Amino acid sequence: MRKHAALKYALGGLVGAALPALLVTGSAFAAEVDPIVALGEATNLLWVVIGAVLVVFMQAGFALVETGFTQRKNAAEVMSTNFAIFGLGFVGFLFIGFPLAFGGFSYSAFGLATPMNGDGLPAVGGDMTGLLYWGYDHLGSAASPALLGFFLYMVAFMDTVATIPTGSMAERWKWRSFVIWGLFCGAFYYPLFAAWTWGGGWLAKSWDTMDLGAGYVDFAGSGVVHAVGGAAALAGAIVLGPRIGKFGPDGKPRAIPGHNIPMAMLGCFVLLFGWFGFNAASTFAVTDIQFATVAANTAIAAAVGAVIAMYYITFRTGKPDPGMMVNGMLAGLVAITAPCAFVSPWAAAAIGAIAAVLAIESVLFIERRGVDDPVGAIAVHGVCGTFGVLAVGLFANGVYGAGWNGAVDNAGEAIAVKGLFYGEVGQLGAQALGAIVIWTVIFGFAFGFFKIQNKLTKGGIRSTEDDETSGLDIPEMGVAAYAD
Amino acid sequence: MRKHAALKYALGGLVGAALPALLVTGSAFAAEVDPIVALGEATNLLWVVIGAVLVVFMQAGFALVETGFTQRKNAAEVMSTNFAIFGLGFVGFLFIGFPLAFGGFSYSAFGLATPMNGDGLPAVGGDMTGLLYWGYDHLGSAASPALLGFFLYMVAFMDTVATIPTGSMAERWKWRSFVIWGLFCGAFYYPLFAAWTWGGGWLAKSWDTMDLGAGYVDFAGSGVVHAVGGAAALAGAIVLGPRIGKFGPDGKPRAIPGHNIPMAMLGCFVLLFGWFGFNAASTFAVTDIQFATVAANTAIAAAVGAVIAMYYITFRTGKPDPGMMVNGMLAGLVAITAPCAFVSPWAAAAIGAIAAVLAIESVLFIERRGVDDPVGAIAVHGVCGTFGVLAVGLFANGVYGAGWNGAVDNAGEAIAVKGLFYGEVGQLGAQALGAIVIWTVIFGFAFGFFKIQNKLTKGGIRSTEDDETSGLDIPEMGVAAYAD
Amino acid sequence: MRKHAALKYALGGLVGAALPALLVTGSAFAAEVDPIVALGEATNLLWVVIGAVLVVFMQAGFALVETGFTQRKNAAEVMSTNFAIFGLGFVGFLFIGFPLAFGGFSYSAFGLATPMNGDGLPAVGGDMTGLLYWGYDHLGSAASPALLGFFLYMVAFMDTVATIPTGSMAERWKWRSFVIWGLFCGAFYYPLFAAWTWGGGWLAKSWDTMDLGAGYVDFAGSGVVHAVGGAAALAGAIVLGPRIGKFGPDGKPRAIPGHNIPMAMLGCFVLLFGWFGFNAASTFAVTDIQFATVAANTAIAAAVGAVIAMYYITFRTGKPDPGMMVNGMLAGLVAITAPCAFVSPWAAAAIGAIAAVLAIESVLFIERRGVDDPVGAIAVHGVCGTFGVLAVGLFANGVYGAGWNGAVDNAGEAIAVKGLFYGEVGQLGAQALGAIVIWTVIFGFAFGFFKIQNKLTKGGIRSTEDDETSGLDIPEMGVAAYAD
Amino acid sequence: MKLITAVIKPFKVDDVKDALKATGIVGMTVGEVRGFGRQGGHTETYRGAEYKIDFVPKVQIELVVDDGAVDSAVDTIKAAASTGKIGDGKIWVVSVDRLIRIRTGEEGAEAI
Amino acid sequence: MKLITAVIKPFKVDDVKDALKATGIVGMTVGEVRGFGRQGGHTETYRGAEYKIDFVPKVQIELVVDDGAVDSAVDTIKAAASTGKIGDGKIWVVSVDRLIRIRTGEEGAEAI
Amino acid sequence: MKLITAVIKPFKVDDVKDALKATGIVGMTVGEVRGFGRQGGHTETYRGAEYKIDFVPKVQIELVVDDGAVDSAVDTIKAAASTGKIGDGKIWVVSVDRLIRIRTGEEGAEAI
Ligand SMILES: Nc1ncnc2c1ncn2[C@@H]1O[C@H](COP(=O)(O)OP(=O)(O)O)[C@@H](O)[C@H]1O
Ligand SMILES: Nc1ncnc2c1ncn2[C@@H]1O[C@H](COP(=O)(O)OP(=O)(O)O)[C@@H](O)[C@H]1O
Ligand SMILES: Nc1ncnc2c1ncn2[C@@H]1O[C@H](COP(=O)(O)OP(=O)(O)O)[C@@H](O)[C@H]1O
C-alpha cells in the first residue's frame with residue numbers, strides 16, 4: 001500500500017497531525033485549501049521530484065561501474081546498454097507497466113482496491129474501469145502534477161531493476177536481445193512484484209491474511225528493486241553461460257580484470273549520491289522527517305560496507321581489491337534500502353558490515369558454481385537485496401512505521417514494524433515470504449523469459465563467438481569505445 | 001516578462017491564492033510578514049538555487065559530451081574550453097550582461113518597463129537610472145538574497161549558450177579567439193534575445209502588439225538558450241570551416257570517430273540530470289507545483305528521444321550508433337524545454353520522438369552541406385531548439401500558463417497558451433516569429449561577430465594547420481590530455 | 001557555537017521572528033506544535049540533508065582531481081585512497097569523533113556548555129554524562145532525525161578534511177599507513193579544531209574572552225575544513241618527502257604531468273557542484289534565505305578564480321595550463337567558504353581573484369622549497385583556506401550574522417561581523433588567531449602524527465622504491481587501473 | 001641468433017606465451033599493434049558518415065632465440081596462434097648480430 | 001624477403017596505407033610509437049614546473065615484402081608520407097630469413 | 001648500418017635518451033611494450049579470482065646507427081638502463097640494408 005497510498009498520506013497530510021489530509025487538486029491551489037497544507041504538499045512533491053532526479057542519475061553510476069569492470073573491447077557496448085536501458089524500460093513502463101501496476105486495469109489483478117483517477121490518487125469508490133480509460137490518464141491533459149511526480153519516481157525505480165542484468169550479462173549479450181529485455185522489464189517484469197508489495201497486493205496484505213507482522217515491508221526496495229533485479233541478473237547469466245575464457249580447462253574461474261578501475265569507482269560514488277534520493281525520498285514527504293534518519297542510515301551502511309569489504313578482502317586474498325571495495329559499499333547500500341527507515345544507526349552499521357562480507361562470499365560462491373557475473377550484480381543486488389529484506393525482520397526497532405500497509409491488530413491498533421531482535425517474529429515471516437516469492441516466482445518469470453527468448457531468437461540471445469572474442473563494440477555499435 | 005517577473009509572482013505569491021504577494025525584503029523576515037508567505041518564499045528561493053546548481057553542473061555534461069566526441073589529440077583543449085567558458089561567460093554576464101538585461105540600463109533599450117531595484121524586484125514607478133547605479137546593485141551590500149538567487153539561475157542559463165559553440169567549433173579554434181567569444185557571449189550575445197523574451201521585451205509583448213496568442217512563450221529556453229546557442233554554433237562553424245580531412249577529395253563527409261564514447265555517454269547522463277533543474281526549476285516556485293509535470297515531461301521526451309533515435313539510426317545505417325543515441329536524448333531534452341510546462345505527457349513523447357528523427361536528419365543534412373560540426377551541436381541545439389519553440393504553438397494544451405507574458409484579451413481575461421492542435425493559431429504565430437528572429441537577427445549577430453573577429457585577429461580565429469594536425473593540446477595548453 | 005547551535009536556532013526558529021523556537025521532538029509532529037513551525041523545521045532539515053548529500057558527492061570530485069593529476073601507474077591506488085577514505089574517516093567519526101566533539105564527553109574538554117541529548121539538541125541544564133551514555137545516543141533508537149541529519153552533514157565535512165592529504169601524499173604512501181590516517185582523522189584530528197570553533201570552544205568565545213569581534217567566524221570552513229586539511233597535507237608531504245624524480249640533480253623541480261586532464265577537470269566540476277551544498281546549506285535553514293547570497297558568492301568566487309588563474313598562468317608561463325585553471329577555481333571556492341555569507345558579491349569576486357593568484361604563487365613557492373605536492377592540495381586548501389579565514393576579517397560587510405557565536409557587546413547588543421574594510425579591526429584579530437592556531441597547534445598535531453607513525457611503522461609510511469617506480473597499482477591493489 | 005616476430009590475434013597471446021614457455025623459452029616482448037591484411041576492411045558508419053576500418057587489433061611478439069631453437073619456436077607459435085580463420089597473422093625471422101643482457105652485460109646465447 | 005620499417009607522422013597513416021594498397025601491398029602491421037629526432041624537443045610548463053617534450057607521436061609501419069618489391073614500396077611510402085617538413089620520419093630495410101603465414105603454414109613469398 | 005633494439009624499464013627512458021643524446025645520437029623511436037622474462041610472473045587476485053601477471057611494462061627503443069657507432073651506443077644504453085636488478089632488459093642488434101630519410105630522400109649514413 002505504501003508507494004501508492006503515499007500520495008494520499010504523505011502529500012496530503014502529516015503537516016501537523018491536526019490538519020485533515022487534503023488532495024492536491026490541480027496546478028494552482030484552490031482558494032479553500034489551507035495554505036499550510038498546500039505549501040506542505042508542494043514541498044513534499046518537490047522532495048519526490050528531487051528524489052526521482054537523483055535516482056535517474058543513478059543510471060550513470062550503473063553505467064560507469066559496469067563499463068569500468070568489463071573489458072576495453074566491449075566498453076562502448078556495455079556503456080550503451082546502460083544508456084539505452086533508461087529509455088527502453090521507460091517506454092515499456094510509460095505505456096504498459098505503469099497503467100498495469102497503478103492504473104485502472106490493475107486493481108483487481110494486481111491488488112489496488114480502487115483505480116487511480118486522473119489526479120493520481122486512488123478514487124474513492126471508483127467504478128470498474130479499463131486500461132484505456134483510467135489507465136492512460138497519466139498521458140493526457142488531466143494528469144495532475146502529483147500523479148506525474150509519482151510516475152517519475154516509480155519509473156526511475158523500474159529502470160534500476162532493468163539495468164541490473166546488463167551487468168551480469170555483459171560482454172556476451174546480443175544487442176537486439178537486450179533491447180527486448182528492456183521493454184519487457186518496464187512493461188511486465190518490474191510491475192508484477194511491485195504491485196504485489198507497493199501496489200497494495202497480496203504480500204502487502206499478509207499482515208491481514210497470514211498474520212505476519214505489518215505485512216511485507218520494504219521501505220525503498222531492497223527486495224522490490226534490487227533482489228528482483230538480481231533474480232533477473234542470475235537468470236540471464238545462467239541462460240547466457242560464462243564468457244569464453246572465464247573458466248579454465250580445469251573449471252577454475254580466471255579473473256578478467258576490468259578495463260578502467262577509476263571509472264568503476266566514480267560510478268560507485270555516483271550511485272552513493274543517487275541512493276540518497278532512492279532511500280530518503282521514499283518518505284514521499286518532507287513533512288515526514290524520518291527522511292533524515294533514512295539518509296544517515298544509508299550513509300552509515302555504505303561507509304561501513306566499504307570499510308569492512310576492504311578489511312575482509314585483504315584478509316581473504318591479501319590486498320584491498322578495488323573491485324571488492326566497490327561491491328562492499330554497494331552491498332551496504334542495497335541491504336539498507338529496505339530497513340533504512342526502521343532501524344537504529346548501530347543496526348545500519350551492522351547491516352552494512354554483514355552485507356559486505358555476504359557480497360564478497362557470494363561473488364566467490366557464484367563464480368565457483370560456474371555462473372559468470374562480470375560485475376558482481378547477482379551478489380550485490382540479489383543476495384544483499386534479499387538480506388536487506390530479511391534485515392527488516394531482524395533489526396526493525398519499532399519506532400517508525402506503525403500501521404504500515406494499513407496493518408492494525410484486532411483492537412484496531414496500528415501494528416509496529418518490529419524485528420526478531422526486538423522480540424517479534426511475525427515481521428520476519430512476512431519478509432521471508434517476500435524473499436521466497438522473489439527467488440521462486442519472480443526468478444522463474446525472468447528465467448522463463450530469457451529461456452523462451454533464447455529459443456525464439458535465431459542463433460540465441462548470446463553473441464557469436466567471433467563478436468565476443470574480438471569485442472562487441474565494432475560489430476554491435478559500429479564504433480570502438482576508444483578510437484586510436 | 002516571465003523570468004524577471006517570476007520573482008514577483010512566484011517568490012512573492014501563489015502560497016494560497018488568497019494571500020497577498022509580499023516581497024522578500026532582506027535576510028531575515030520582517031515580523032509583519034505572514035509566516036506562511038515567508039516560508040513559501042524561502043522554499044521557492046531554495047528551488048531556484050537548487051535549479052541553478054543543477055544547471056551549473058550541466059557544464060560538466062557538455063564538457064564530457066564534447067570531449068568524448070572529439071579526438072584524443074585535442075582532448076585537453078576541448079575539455080579546457082568547456083571548463084573555461086563557465087568563468088568567461090560568467091564574468092561577462094556579471095559585469096555587463098546582467099545589468100544590461102535586467103538592470104537599470106536595460107529598461108528602455110531591452111524592454112523592462114522599470115529597472116530592477118536593489119531587491120531584485122522591478123521597482124514600482126522607478127525613475128530613469130543609469131547602468132552604474134541601479135544596474136550594479138547586484139554587486140553591492142544591498143543585493144538581496146532573492147536577487148542573487150535569480151542572478152545565479154540566469155548566469156547558469158547564459159553559460160549553456162556560451163558552451164554550445166565550443167562543440168561545433170571544436171578541434172580548430174584558437175584558444176585566444178575562443179576566450180573572446182566567452183566574454184562576448186556573457187556580456188552581449190545572450191542578453192539580447194533574453195531581454196526581448198524573458199526580459200519582457202517586444203517578443204514577449206507580441207500578444208499585445210501583434211495579437212499573437214500569449215506572445216512568445218518559451219518556458220525554459222528551447223529558443224532563448226538552445227536555438228540561440230545553436231545559431232552561434234552554426235555561425236562559428238561556417239566561419240571556421242571544416243576540420244582538415246573531414247571531407248574527402250570527393251567532397252563526401254568522412255567520419256572522425258570520437259575518442260571516448262563512454263565519456264560522451266556519461267556527459268549525456270549528466271545533462272539529463274541537470275536538465276531537471278533547467279526545466280523544472282523554471283517554475284521559479286515550489287508553490288507552482290507544475291514543476292512536477294515539467295520534470296515528468298522532461299524525462300519522457302528524453303527517454304523517447306533516445307529510444308527513437310536508436311531505432312531510427314539502426315534503420316538508417318544498420319547499427320545503434322552511440323553518438324546518435326546520445327544526440328537523440330539531447331534532442332528530446334532540447335525540444336521539450338520550451339513546451340515542457342504546457343503540454344500533456346503524450347505530447348512530450350511525440351515531441352521527443354520527432355526531435356530525435358529531426359536531430360539525426362539534421363546532422364546528416366548539415367554535414368552534406370559542407371558544415372563540420374564534430375558533436376552535432378547545431379542539429380541538437382539549433383534545429384531541435386527551434387522545433388521546441390514551434391512545438392509550443394502546436395502542442396500546448398491550454399491547461400497551464402494562462403496570462404503568460406501578462407497577456408489578456410479585450411475582456412481582460414487571461415489568454416491561455418494553446419497550440420494549433422488545440423484549435424489556436426495565434427500562439428504558433430508568436431513562436432514562428434521568435435524562431436525567425438533567432439535565425440535572422442541573432443544568427444546575424446553571431447555571424448557578424450565571428451566574421452569581424454576573424455578579420456581582426458592576426459591569422460584568423462582558426463588554428464594553424466600544424467597545430468590542428470598534430471593536435472591542439474601541446475601547442476595551446478602545454479600538456480597532453482593523457483600523459484603516456 | 002554556530003554549527004551545533006544551528007540546530008536550535010536554525011531548525012527550531014526563524015520561521016517568522018514572532019514565533020517561538022520549538023524543538024523537533026520526534027519523527028512525527030506533536031499535535032501541539034504550530035504547523036508552520038513544524039513545516040519550516042522539516043524544510044530546514046531537508047536543506048541540511050540535501051547539503052550533506054552534495055558534500056558527500058564531493059568525494060567523487062576529489063577522487064577525480066587527484067587521480068587525474070597523478071600518474072597512470074598509480075591511478076587505481078590514488079582513486080582507491082579517495083574511495084576508501086570516505087568509509088575510514090566516517091567510521092572513525094561515527095564511533096569516536098562525533099561523540100567526542102558533540103557528545104556528552106566533549107562539553108568540558110571541547111567547549112559545549114552542555115551535552116547533546118538524544119534529540120541532538122543541547123539539553124538545557126543537562127547533567128554531567130559520559131561518552132558511553134549521551135555520547136552514543138546517535139547510534140541508538142532514541143536518535144532523532146534532526147540529530148542524524150546534523151551528523152550526516154558533519155561527517156561529510158570531516159571526510160573532506162580526511163581526503164585532502166591523499167592529494168599531497170599521493171604516489172608514494174603505503175596503503176596500510178594511509179588507512180590509519182583515515183581512522184585517525186575522523187576520530188581525533190578533525191574534531192579538535194571543529195570543537196574549538198563550531199563546537200563553541202575557546203576560539204568561538206574569543207569575542208568574550210579576548211574582545212575580538214564576534215569571535216572566530218568561519219561560515220562553512222575555509223579554516224575548519226580546508227586549512228586544517230591543508231595543514232595535514234603539508235605535514236604529510238614533508239614527512240614522506242618528494243617523489244623519486246620530482247627534483248632534478250640540480251634541485252630544480254621537474255613537472256610530472258597528470259595522466260588524465262579531462263578526468264581532473266570533471267572532478268573540478270563535481271567539486272563546484274558539491275560546494276553549493278558545502279556553503280549554501282551551511283545556513284542550516286531554508287528559512288535563513290541568506291543561502292541564496294551564499295550560493296551566488298560561491299559561484300562568483302569560483303568563476304572569477306578560474307578566469308584570473310587562466311590569465312595569470314598565461315602571463316606567468318605562456319599558456320593557460322589546465323592544471324592551474326582547475327586550481328584557480330578551487331582556490332576561489334576554498335577562499336570564499338569562510339566569508340561567503342558575510343561579504344558582498346564584489347568582494348566575492350575580489351576574493352576569488354586574489355585566491356587564484358595566491359594558489360598559483362603558492363604552488364610555485366612550495367615546490368621551490370622542496371615539498372612535493374602532486375595536486376596542489378597545500379596551496380589550494382592550506383594557503384587559500386587561510387586566506388579565506390582572514391578574508392572574513394577584511395571583507396565582511398556587517399549585513400549578516402550579527403550576534404554570531406552569541407557575541408554581544410556590553411550593552412547586550414549583538415556584535416556585527418565586520419571586516420577591516422568596513423572599519424573594524426577586532427574581527428580580523430579573531431580570524432588571525434584562528435589561522436595561527438591552525439598553523440601551529442593543528443599543523444603540529446598532524447606533523448606529530450605522521451612523524452610518530454613513520455617511526456612506528458616497519459620501513460616507514462613511504463612506499464618502497466620498487467613499488468614507487470613501477471607504480472603502486474599492482475603491488476598495493478593487485479590490479480592495474482587500466483587493464484590492457 | 002634470430003629475432004622471431006609474430007603478429008597474432010590478441011586473444012591468442014596467453015596461449016602462445018604458455019606454449020612457448022612450455023618449450024623452455026624464458027623471454028619475449030609483446031606490443032599492441034594494428035594489422036592490415038586480408039582480414040578486415042569493412043565500412044562502418046559513425047554519426048551518419050562512413051569510415052573504413054582497415055586495421056584490426058593485433059599483438060606483436062618478438063623473441064630472440066638461438067639459431068637452433070628457431071624452428072621449434074616458430075612451430076610452437078604457429079600451432080598456438082592458429083584458429084584456421086583469416087587474420088591469424090604472420091611470423092618472420094631476422095638474423096641478429098648481437099644480443100646483450102643489460103643487467104649483467106652477458107652477450108650471445110647466455111643473454112637470452 | 002625484406003622487412004621495411006617506416007616511422008611516419010600519425011596523420012599520414014591512411015595516405016601511406018592507401019598508397020601501398022594501390023601498389024598491390026596486401027598486408028602490413030602498424031603501431032603507435034614516439035619519436036625522438038631533429039623535430040621536437042621543446043619545453044613546456046605544467047603546473048609551473050618545466051618539462052621537456054622530446055618525443056613526438058609517430059606511427060611505425062612494418063611490412064614484409066619480396067625482394068623485388070622493396071624499391072617500389074619504399075618509394076611509395078616516401079612519396080605518401082612526405083610533407084617536406086622536419087620530422088617526416090625514416091624508412092629502414094632489414095633482411096628477412098623466413099616468413100610464415102600462421103593460418104596455412106605457407107612460407108616465403110606465398111606467405112606475404 | 002645497424003638497428004639497435006633495446007627493451008628497458010619504463011622509468012629509465014629519459015636517462016637512456018639523455019645518455020644517447022650526449023653521445024651524439026640524434027634520433028630514435030620508442031614504443032610501449034610488455035615484457036615476459038625472469039622478472040615478473042606473480043599471481044594476483046581480482047574479485048576473488050586469480051590471474052597471473054606474466055608481463056611487466058617495458059619500453060622498447062629502436063635506433064639505427066652507423067656500424068661504427070654500434071658499440072658506443074650499446075654501451076651507453078647498457079650503462080644508462082642498468083639498475084642491476086632482474087628485468088633490466090635486453091639489447092639486440094640487427095643489420096640494416098637501407099635507411100632512408102623521408103623528407104629529403106637521403107639514404108645511408110646521411111639519413112641517420
Ligand atoms: N606483408 C606483411 N607484412 C607485415 N605484416 C603483415 C603482412 N601481411 C599481413 N601482416 C599482418 O598479419 C595480419 C594478418 O594478415 P591477414 O592477411 O589479415 O590474414 P592471414 O594471416 O590469414 O594471412 C595482418 O593484420 C597484419 O598485421
Ligand atoms: N636513427 C634513428 N633511428 C630510429 N628512428 C629514428 C632515427 N632518427 C629519427 N628517427 C625517427 O624518425 C622521426 C623523425 O626524425 P627527425 O629527425 O625528427 O626528422 P626527419 O625525419 O625530418 O629527419 C623521429 O621522430 C624518430 O621517430
Ligand atoms: N629472448 C627474448 N627476446 C625478446 N625479449 C626478451 C627476451 N628475453 C627477455 N626479453 C625482454 O627483456 C625483459 C627483461 O628480461 P628478464 O628475463 O625479465 O630480465 P633480465 O633483463 O634481467 O634478463 C623482458 O621483460 C622482455 O621484455
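The model shown is predicted, which means the values in this text are computed figures rather than measured ones. Side chains are part of it too, since the values below use all heavy atoms of this structure and drop only hydrogens, waters and symmetry mates. Lettering of chains follows the sequences in order, A, B, ..., and the numbering in each one begins at 1.
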Asks: Among E/I77, E/D54, E/T83, single out the residue with the greatest number of heavy-atom pairs under 4.5 Å to chain F.
Replies: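 Heavy-atom pairs under 4.5 Å are most numerous for E/D54.
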
Asks: Between E/V7 and E/W92, is a side chain to side chain contact (heavy atoms under 4.5 Å, CB included) present by the stated rule, with each step listed?
Replies: CA-CA 9 Å; E/V7 177; E/W92 61 79; 3.9 Å; yes

Asks: Quick check for you: among E/A81, E/G84, E/G89, which has the greatest number of heavy-atom pairs under 4.5 Å with chain F?
Replies: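 Among the listed options, the one with the most contacts to chain F is E/G89.
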
Asks: Do E/E50 and E/E44 have side chains that approach each other closer than 4.5 Å (heavy atoms only, starting at C-beta)?
Replies: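 The answer is no; the side chains never approach within 4.5 Å.
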
Asks: Measure distances from E/L3 to the heavy atoms of chain F and classify the residue's part below 4.5 Å as side chain, backbone, both or neither.
Replies: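 Interface part for E/L3: neither.
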
Asks: Nearest 0.5 Å, what's the CD1-CD1 distance between F/I61 and F/I8?
Replies: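 It is 4.0 Å, given to the nearest 0.5 Å.
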
Asks: Answer with side chain, backbone, both or neither: which region of E/Q39 has an atom nearer than 4.5 Å to a non-hydrogen atom of chain F?
Replies: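 Neither; nothing under 4.5 Å.
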
Asks: Counting heavy-atom pairs closer than 4.5 Å to chain E, which one of F/E106, F/K17, F/E62 comes out on top?
Replies: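 Winner by heavy-atom pair count: F/K17.
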
Asks: I'd like to know which of F/V26, F/V96, F/V64 tops the heavy-atom pair count under 4.5 Å against chain E.
Replies: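 Highest number of pairs under 4.5 Å: F/V26.
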
Asks: Within a strict 4.5 Å, meaning less than it, do heavy atoms of the E/T76 and E/V74 side chains meet?
Replies: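 Not in contact.
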
Asks: Using 4.0 Å as the upper bound for N to carboxylate O, is an ion pair formed by F/E110 and F/R101?
Replies: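 No, this pair does not count.
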
Asks: Where on E/K52 is there a heavy atom nearer than 4.5 Å to chain F: the side chain, the backbone, both, or neither?
Replies: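 For E/K52, the contact with chain F is made by the side chain alone.
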
Asks: Side-chain contact test, heavy atoms from C-beta onward, threshold under 4.5 Å: evaluate it for F/I53 versus F/T43 and give yes or no.
Replies: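 No - every pair of side-chain heavy atoms lies 4.5 Å or more apart.
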
Asks: Please check if the side chain of F/R38 supplies one atom and the backbone of F/I86 the other of a donor-acceptor pair under 3.5 Å.
Replies: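 No; zero donor-acceptor contacts below 3.5 Å.
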
Asks: With the side chain counted from C-beta on, respond yes when E/K90 and F/I102 share a heavy-atom pair under 4.5 Å apart, and no when they do not.
Replies: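 No; the side chains remain at least 4.5 Å from each other.
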
Asks: Determine the option with the most heavy-atom pairs under 4.5 angstrom with chain F, choosing from E/V93, E/V33, E/D88.
Replies: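 Greatest number of close heavy-atom pairs with chain F: E/V93.
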
Asks: Under 4.5 Å from any heavy atom of chain F, what part of E/K58 do you find: side chain, backbone, both or neither?
Replies: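 E/K58 has no heavy atom closer than 4.5 Å to chain F.
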
Asks: Given heavy-atom pairs under 4.5 angstrom as the criterion, report whether the side chain, backbone, both or neither of F/L20 touches chain E.
Replies: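 Neither the backbone nor the side chain of F/L20 comes within 4.5 Å of chain E.
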
Asks: I'd like to know which of F/E32, F/K21, F/Q60 tops the heavy-atom pair count under 4.5 Å against chain E.
Replies: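 The option with the most such pairs is F/K21.
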
Asks: Among E/G31, E/A6, E/G37, E/G87, who wins on heavy-atom pairs under 4.5 Å with chain F?
Replies: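 Of the options given, most contacts go to E/G37.
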
